Amino acid sequence: EGGGEEGVRRVVEEVREDETVSKEEALERILKAMEEEKTKISIFGERHKDKLAGEWGIDHVFEIPIMEDIATSGDGGVPYVVQGEEMSGGR
């Protein structure tokens, strides 16, 4: 599909608007789009997780794919998937 992060955003909007899409299918479609576009956002910076792992003695650290909008809305206390509903007063 192309478009980098915008392509992923498009898929997110599509699954948000389509009430027939299950949560599992939505997640699968979003992750597939992220993989195809090689979308990577470092919430804590590239080296920060390794530094924290060393300081805390953590042997294994992992990364999960996440879009900046999803992280920001979660940090703000409003899950991204309901953000539009709250802004528009629900469906």
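These figures come from a predicted structure and were not determined experimentally.
- When all heavy atoms are compared, the tightest approach of Val11 to Ala33 is CG2-CB, 3.8 Å.
- By the side chain to side chain contact (heavy atoms under 4.5 Å, CB included) test, Glu13 pairs with Arg16, Glu17, Tyr80, sequence neighbours left out.
- For the side-chain hydrogen bond (donor to acceptor under 3.5 Å, both in side chains) test, no residue two or more places apart in sequence or in another chain qualifies with Ser22.
- Scanning both residues, Val21 and Ala26, for their nearest heavy atoms gives CG1-N, 3.5 Å.
- Partners of Leu27 by side chain to side chain contact (heavy atoms under 4.5 Å, CB included), not counting sequence neighbours, listed by chain and number: Leu31.
- Using a 4.0 Å cut-off between a side-chain N of Lys or Arg and a carboxylate O of Asp or Glu, Lys32 and Glu28 do not qualify as a salt bridge.
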